[in-house]
Number of protein chains: 2
Amino acid sequence: MEKIDTRDRIIAIADDLFYQQGFEHTSFKDIANLLNISRGNFYHHFKTKDQILSGVIERRLKKTKAMLEEWEKQGDTPNQRIKCYIRIVDANWDKIKDFGCPVGTLSNELAKLNHLNRKDATKVFTLFREWLRKQFTQISHNIDADNLALQVLSWSQGIATMATAFQDKSYAEQEISKMCHWVDTYRREK
Amino acid sequence: MEKIDTRDRIIAIADDLFYQQGFEHTSFKDIANLLNISRGNFYHHFKTKDQILSGVIERRLKKTKAMLEEWEKQGDTPNQRIKCYIRIVDANWDKIKDFGCPVGTLSNELAKLNHLNRKDATKVFTLFREWLRKQFTQISHNIDADNLALQVLSWSQGIATMATAFQDKSYAEQEISKMCHWVDTYRREK
DNA sequence: GTCTATATAATGATAGAC
DNA sequence: GTCTATCATTATATAGAC
């Protein structure tokens with residue numbers, strides 16, 4: 001396991017570039033240059049560019065699952081855990097202001113391309129959605145947890161899009177603190 | 001004025017295609033096929049593809065201004081006028097669920113491309129923002145009208161992104177009605 | 001103003017040597 | 001597993017006839 005697998009390195013670089021440049025705008029040449037490998041080498045690991053996309057989405061699903069598990073450990077209460085999600089816009093501000101949310105922007109790009117992997121990209125959203133739903137359920141069984149999960153996703157996506165358009169960090173911070181306060185209006189029953 | 005200008009026809013088709021396929025994914029060939037003109041003909045009207053983008057953004061700015069003026073006539077109160085904006089997600093649902101919001105998705109695409117016209121695309125957002133700010137100011141001078149304008153934009157963008165990802169119309173309708181109700185918590189002083 | 005023909009560069013993808 | 005050709009296609013863009 002000492003040697004880093006080329007396939008994994010391709011996917012890791014493609015993940016970054018698909019996020020920062022968009023899927024379609026990223027060429028094999030871009031990835032090859034950053035990895036110092038030849039373009040022909042790609043086709044030993046992937047038959048098509050779409051397969052790289054599949055690999056990238058798979059990687060994002062794995063990373064997201066790992067992050068959600070980490071948040072389970074970090075937050076003692078469901079409210080705290082939900083706030084872990086809310087704060088990622090602030091934590092990743094520098095990237096979001098330039099490239100948007102990686103989940104939302106890929107979803108939008110693949111929608112326009114009518115791409116076969118569109119539904120797969122949505123799965124990343126679904127991971128967050130179900131995790132958030134689970135947290136809200138732990139707060140109370142008398143609330144529409146799935147609906148609240150969607151609201152958190154939606155709110156965050158709005159902030160991310162505004163961030164990319166206007167790059168106003170103070171507005172984002174304000175909205176994030178409002179969201180955190182809003183979450184705490186839902187309290188666990190004793 | 002009987003003859004429709006080819007330049008205008010190019011921009012109108014490009015406007016649609018940039019929205020539905022993305023700017024970069026749309027080729028001259030795509031536009032030419034729909035217009036039944038030759039590719040070479042383009043360069044009589046535009047020197048580069050970027051100039052078509054500029055033309056499209058200019059067109060969108062004009063159309064947006066016209067729409068905002070129309071809403072000024074339609075709504076008797078600032079609250080009603082703001083709701084004209086809020087309802088466009090519902091009115092354009094069929095397109096938004098497939099292609100997202102034309103303003104937000106172009107803003108995001110040009111951000112990733114680090115495109116020279118990125119700031120111009122943001123101007124469409126700014127038109128809505130300033131118009132909404134004006135409406136909120138008419139409701140009351142004791143509120144942060146610009147901040148509320150941003151909130152309306154942000155909220156709508158979140159709904160649009162969720163629409164493209166999950167295509168759940170009932171959720172969108174619910175959020176829209178919540179927004180309308182929220183707007184009416186701000187009332188004009190007598 | 002519109003067309004055909006063409007230049008040029010880049011793309012995704014393949015074949016085969018090492 | 002990686003490389004160097006190379007192919008076929010597509011893209012933006014140009015030149016010049018009509």
Side-chain angles (χ1 to χ4, degrees), chain A residues 1-59 106 109-110 112-118 120-121, chain B residues 1-57 106 109-110 112-118 120-121:
Chain A
M1 288 288 287
E2 288 182 40
K3 193 179 151 204
I4 299 167
D5 193 39
T6 300
R7 189 181 185 278
D8 292 340
R9 292 173 66 214
I10 290 174
I11 289 179
I13 294 287
D15 190 353
D16 284 348
L17 290 180
F18 288 177
Y19 172 42
Q20 297 181 16
Q21 308 185 337
F23 164 66
E24 186 155 57
H25 187 246
T26 300
S27 66
F28 286 154
K29 193 183 174 185
D30 293 332
I31 304 172
N33 284 348
L34 281 175
L35 277 179
N36 284 318
I37 63 170
S38 71
R39 265 181 297 166
N41 194 352
F42 276 96
Y43 295 89
H44 178 73
H45 303 282
F46 305 94
K47 286 179 185 170
T48 67
K49 190 181 177 183
D50 287 353
Q51 284 190 2
I52 301 183
L53 176 61
S54 292
V56 166
I57 293 174
E58 201 178 330
R59 176 187 153 94
L106 183 65
E109 183 181 2
L110 297 188
K112 280 188 204 290
L113 298 178
N114 200 18
H115 197 284
L116 285 172
N117 284 326
R118 178 182 176 185
D120 291 323
Chain B
M1 287 289 288
E2 289 184 41
K3 190 178 149 203
I4 299 168
D5 192 40
T6 300
R7 188 181 185 279
D8 292 339
R9 292 172 66 216
I10 290 173
I11 289 179
I13 293 288
D15 191 352
D16 285 347
L17 289 180
F18 289 178
Y19 173 41
Q20 296 181 16
Q21 307 185 339
F23 164 66
E24 186 155 59
H25 186 245
T26 300
S27 66
F28 287 154
K29 193 182 174 186
D30 292 333
I31 305 171
N33 284 348
L34 281 175
L35 276 179
N36 282 321
I37 64 170
S38 72
R39 268 177 294 166
N41 193 351
F42 276 95
Y43 295 89
H44 178 73
H45 302 282
F46 305 93
K47 287 180 185 171
T48 66
K49 189 180 177 184
D50 286 352
Q51 284 190 1
I52 301 182
L53 176 60
S54 292
V56 166
I57 292 174
L106 183 65
E109 183 181 2
L110 297 188
K112 280 188 205 288
L113 298 178
N114 201 16
H115 197 284
L116 285 172
N117 284 327
R118 179 183 176 182
D120 290 324

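Below, chains carry the letters A, B, ... as their sequence lines are ordered, and counting in each starts from 1.
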Original post:
At what distance, to the nearest 0.5 angstrom, does CD1 of Ile57(A) lie from CG of Asn117(A)?
Top reply: 4.5 Å

Original post:
Reckon His44(B) has a side-chain N or O less than 4.0 Å from the OP1 or OP2 of dT2(C)?
Top reply: no

Original post:
Where do Thr48(A) and Phe28(A) come nearest, in terms of heavy atoms and distance?
Top reply: C-CZ, 4.4 Å

**OP:** Report yes if a side-chain nitrogen or oxygen of His45(B) is closer than 4.0 Å to either non-bridging phosphate oxygen (OP1 or OP2) of dT2(C); otherwise report no.
**Re:** yes

Original post:
Mind pulling the stems DNA chain D is in, i.e. runs of at least three Watson-Crick or G-U pairs, everything under 3.5 Å?
Top reply: C:1-7 with D:12-18, C:9-18 with D:1-10

Original post:
What's the CZ-P distance between Phe46(A) and dG1(D), to the nearest Å?
Top reply: 12 Å

**OP:** Could you tell me the separation between the CD1 atom of Ile52(A) and the C1' atom of dT11(C), rounded to a whole number of Å?
**Re:** 13 Å

**OP:** Would you please test His115(A) and Leu53(A) for side chain to side chain contact (heavy atoms under 4.5 Å, CB included) and show each step?
**Re:** CA-CA 10 Å; His115(A) 197 284; Leu53(A) 176 61; 3.4 Å; yes

Subject >> Short side-chain to backbone donor-acceptor contact, Glu109(B) and Glu24(B), under 3.5 Å >> reply: yes

**OP:** Going 5' to 3' through nucleotides 11-18 of chain D, assign each nucleotide B (protein heavy atom under 4.0 Å from a base atom), S (under 4.0 Å only from sugar-phosphate atoms) or - (no protein heavy atom that close).
**Re:** SBBB----

Subject >> Donor-acceptor contact present, side-chain Asp30(B) to main-chain Ser27(B), <3.5 Å >> reply: yes

**OP:** Of all the heavy-atom pairs spanning Phe46(B) and Arg7(B), show the shortest one and how long it is.
**Re:** CZ-CG, 3.6 Å

Original post:
Taking atom C1' of dG1(C) as reference, at what distance in whole Å does atom CZ of Phe42(B) sit?
Top reply: 14 Å

**OP:** Please state how far atom CZ in Arg7(B) lies from atom C1' in dG1(C), giving the value in whole angstrom units.
**Re:** 15 Å

Original post:
So which heavy atom on Leu113(A) is nearest to which on Gln21(B), and how close?
Top reply: CD2-O, 4.1 Å

**OP:** Quickly work out the Arg9(A) CZ to dG1(D) P distance and round it to whole Å.
**Re:** 14 Å

**OP:** Please step through side chain to side chain contact (heavy atoms under 4.5 Å, CB included) for the pair Ile37(A) and Ile10(A), ending with a clear verdict.
**Re:** CA-CA 10 Å; Ile37(A) 63 170; Ile10(A) 290 174; 4.2 Å; yes

**OP:** Find out whether Leu35(A) and Asn41(A) are in side-chain contact, i.e. whether some heavy atom of one side chain is under 4.5 Å from a heavy atom of the other.
**Re:** no

**OP:** Write down the distance between CG (Asp8(A)) and P (dG1(D)), rounded to a whole number of angstrom.
**Re:** 12 Å

